[in-house]
Protein chains: 2
Amino acid sequence: MSKLPSLKNLSYLLALHQHQNFNRAAQACHVSQSTLSSGIQNLEEQLECQLIERDHKSFLFTAMGEQVVEQARQIITSAEEMLHYAQSQGNQMEGPLRLGCIPTIGPFLLGKLSKRIQEKYPKLQLNIAEDTTANLLQALRNGELDVLILALPMDIQGNQQWVLGRDPFKLVMHKSLAATINEPVDYDQLPDRSIFLLEKEHCLTGHAVAACQLSDSSKINPFTATNLHSLVQMADARLGATFIPQMAIDQGILKDTDLVPLQPSGREASRDIGLVYRATTNRRQTFRKFAEEIADLLPENTLK
Amino acid sequence: MSKLPSLKNLSYLLALHQHQNFNRAAQACHVSQSTLSSGIQNLEEQLECQLIERDHKSFLFTAMGEQVVEQARQIITSAEEMLHYAQSQGNQMEGPLRLGCIPTIGPFLLGKLSKRIQEKYPKLQLNIAEDTTANLLQALRNGELDVLILALPMDIQGNQQWVLGRDPFKLVMHKSLAATINEPVDYDQLPDRSIFLLEKEHCLTGHAVAACQLSDSSKINPFTATNLHSLVQMADARLGATFIPQMAIDQGILKDTDLVPLQPSGREASRDIGLVYRATTNRRQTFRKFAEEIADLLPENTLK
DNA sequence: TACAACAATCGAATTAACCAATCAGGACGG
DNA sequence: CCGTCCTGATTGGTTAATTCGATTGTTGTA
């Protein structure tokens with residue numbers, strides 16, 4: 001049996017992959033460039049395969065190198081999790097928890113969530129990042145984040161998820177317009193191009209269109225907004241209607257407007273809110289307790 | 001950030017956990033007892049927690065120690081998988097594959113399977129263990145086995161599975177008895193205590209009773225057999241009837257007997273055959289290809 | 001042509017890993 | 001009660017591995 005590679009050398013490899021430069025990677029690891037260089041060579045010998053192609057000036061990770069980086073990342077993350085678990089004496093709700101959240105959920109949930117966590121688990125230190133689903137999944141994969149709050153259904157790749165709750169969509173429009181509309185809303189009652197949506201980077205757009213059975217694309221205005229507050233302002237200016245999730249409404253996004261929420265078409269006009277985490281984690285129990293806290297704050301808790 | 005524990009020390013811990021004795025563990029690791037002893041102490045310092053309680057004569061793993069062992073096992077298994085993956089240059093179907101299988105499947109599948117694997121993937125070296133479901137799951141958990149072929153449905157704990165195929169049950173009895181019976185068999189046609197089953201350690205018993213809707217337990221003879229061949233012999237001696245899986249019949253278990261297979265009651269009188277593996281593995285692709293080979297050999301391939 | 005940037009290599013100094021031998025406590029037997 | 005055996009811990013010296021600063025060789029650029 002050949003000797004296992006050392007975690008130290010694996011971490012050198014990760015740093016090199018991240019910085020794409022021996023000097024900067026060495027700095028990040030607090031070692032000299034020569035140490036890191038020989039560490040990598042050492043690793044290549046132990047694994048008996050070439051991880052990076054050198055062309056005298058620079059280098060490139062080989063396909064195998066990339067694969068090894070992937071696996072090394074998982075191993076080191078596991079080791080870190082173990083270290084933290086042991087050092088906190090098994091107290092699961094302690095230490096840093098790096099949370100990623102999409103922008104159509106974050107502003108309407110994270111305030112309440114932080115407060116609740118702070119009260120109930122003061123030793124749990126929540127670090128929050130807000131980004132698109134795709135970027136968050138990448139960060140999760142890279143071990144930069146621990147858990148994500150996403151809207152489902154979604155391709156979460158190799159990760160695992162719990163469905164925390166349902167968040168109904170409402171079709172929001174000016175009260176003067178709403179007076180002429182029957183619920184649940186048949187979109188034929190609306191003029192063409194009268195429905196405004198978010199930029200397509202936001203998964204909310206697709207979820208709303210699918211869940212609310214808005215099949216007639218001529219009703220959609222080609223202008224897209226960058227966030228929910230813009231949508232609300234546009235609707236309040238009587239430009240048209242838009243889909244707003246219940247949790248945003250609960251947080252008062254319609255306050256000081258003349259907008260009213262109507263029930264859209266679709267038997268289940270809602271999105272699911274889920275917690276996504278790496279399949280390889282061993283902090284499932286922490287994440288589970290965390291999931292329960294989140295689910296309690298959602299319009300409809302479906303976490304069993 | 002504190003220093004990560006070394007894989008070497010973690011492996012010492014695993015050996016100690018396995019052997020429950022410093023000397024034997026040290027031997028297994030090919031190091032001296034003092035090396036292993038200080039390795040463990042080192043680990044405890046790094047993790048800043050007590051892993052074993054010493055009472056001058058012997059020792060005991062603390063609860064935390066047991067937890068750390070669990071996680072260490074996963075980390076080391078991952079590292080071994082990475083090492084092997086790199087050394088085989090990414091060739092997935094190469095090197096050892098440790099397979100566990102239950103005794104009501106093994107004898108009727110593994111012969112054909114070994115032959116097929118040997119032909120198609122000659123570099124894949126199949127190591128086979130046969131045991132009960134519970135023991136196999138324990139071995140999988142301990143990293144002693146890589147994949148299990150089990151009968152489903154089954155509580156596979158934290159592991160993952162693919163359903164490979166269906167294996168119908170047949171009610172087997174002597175042809176003289178069968179002549180008086182209508183298919184699918186209504187058990188009322190059979191005398192009390194005329195159905196023989198395996199010992200309850202075998203999951204086949206429960207699966208057959210459930211799938212074939214044998215609700216009347218008075219039909220079951222309290223004597224239990226240790227393997228399918230015994231059941232066949234007993235049925236052939238006209239002691240009664242028994243459930244035999246199709247794959248055993250296909251492999252000729254009824255040859256040279258006067259037994260005939262009848263269709264039992266139950267809409268889906270069958271068990272599922274599944275491949276079970278650790279959720280934390282990174283050899284999924286290997287296992288998947290392997291799964292396809294197995295599924296091809298089953299009475300009814302349901303692997304999508 | 002000189003220079004800056006980069007990764008590899010070298011040699012010395014430091015550190016850690018390791019082992020054999022020994023120690024100390026408890027169990028067992030005579 | 002004393003000696004022996006078995007346990008894991010400790011010690012001290014040796015060896016092997018790690019690390020660093022300095023240097024080398026190559027490449028691209030001013």
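Just so it is clear: chains get the letters A, B, ... in the order the sequence lines come, proteins before strands, and each one is counted from 1.
Taken residue by residue, residues 19-26 of chain B places heavy atoms nearer than 4.0 Å to DNA chain D at Asn21(B), Phe22(B), Asn23(B).
When the options Gln74(B), Arg141(B), Glu81(B) are evaluated for a side chain to side chain contact (heavy atoms under 4.5 Å, CB included) with Arg278(B), the one that passes is Glu81(B).
Here the two rings, on Phe22(B) and Phe59(B), have centers that are under 6.0 Å apart. Ring centroids of Phe287(A) and Trp162(A) are separated by 6.0 Å or more, keeping the two rings apart.
Remark: P of dA7(C) and CZ of Phe61(A) are 11 Å apart, rounded to the nearest angstrom. For the pair Glu44(A) CD and dT9(C) P, the computed distance is 11 Å after rounding to whole Å. Computed from coordinates, the Leu7(A) CG to dT18(D) P distance equals 13 Å when rounded to whole Å. At whole-Å resolution of the value, CG in Leu43(A) and P in dA8(C) are 13 Å apart. As rounded to whole Å, 19 Å separates atom P of dA24(C) from atom CZ of Arg54(B). Atom CD1 in Ile40(B) sits roughly 16 Å away from atom P in dT7(D) (whole-Å rounding). To the nearest angstrom, P of dC6(D) lies 17 Å from CZ of Phe59(B). Rounding to whole angstrom units, CG of residue Leu16(B) and P of dG8(D) are separated by 8 Å.
Using a 4.0 Å cut-off between a side-chain N of Lys or Arg and a carboxylate O of Asp or Glu, Lys289(A) and Glu292(A) do not qualify as a salt bridge. Salt bridge present: Lys120(A) and Glu293(A) bring a charged side-chain N and a carboxylate O closer than 4.0 Å. Between Arg54(A) and Glu44(A) there is a salt bridge, since a side-chain N of the basic residue sits under 4.0 Å from a carboxylate O of the acidic one.
Of all heavy-atom pairs spanning Ile117(B) and Leu126(B), the tightest one is CG1-CD2, 4.3 Å. Heavy atoms only, all atoms of each residue included: Leu83(B) and Pro5(A) are closest at CD1-CD, 4.3 Å. Considering every non-hydrogen atom in both Asn159(A) and Leu137(A), the closest pair reads ND2-CD2, 3.8 Å.
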* Do nucleotides 14-19 of chain C as a string where each nucleotide becomes B, S or -: B if the base has a protein heavy atom under 4.0 Å, S if just the sugar-phosphate does, - if no protein is that close. => ---SSB
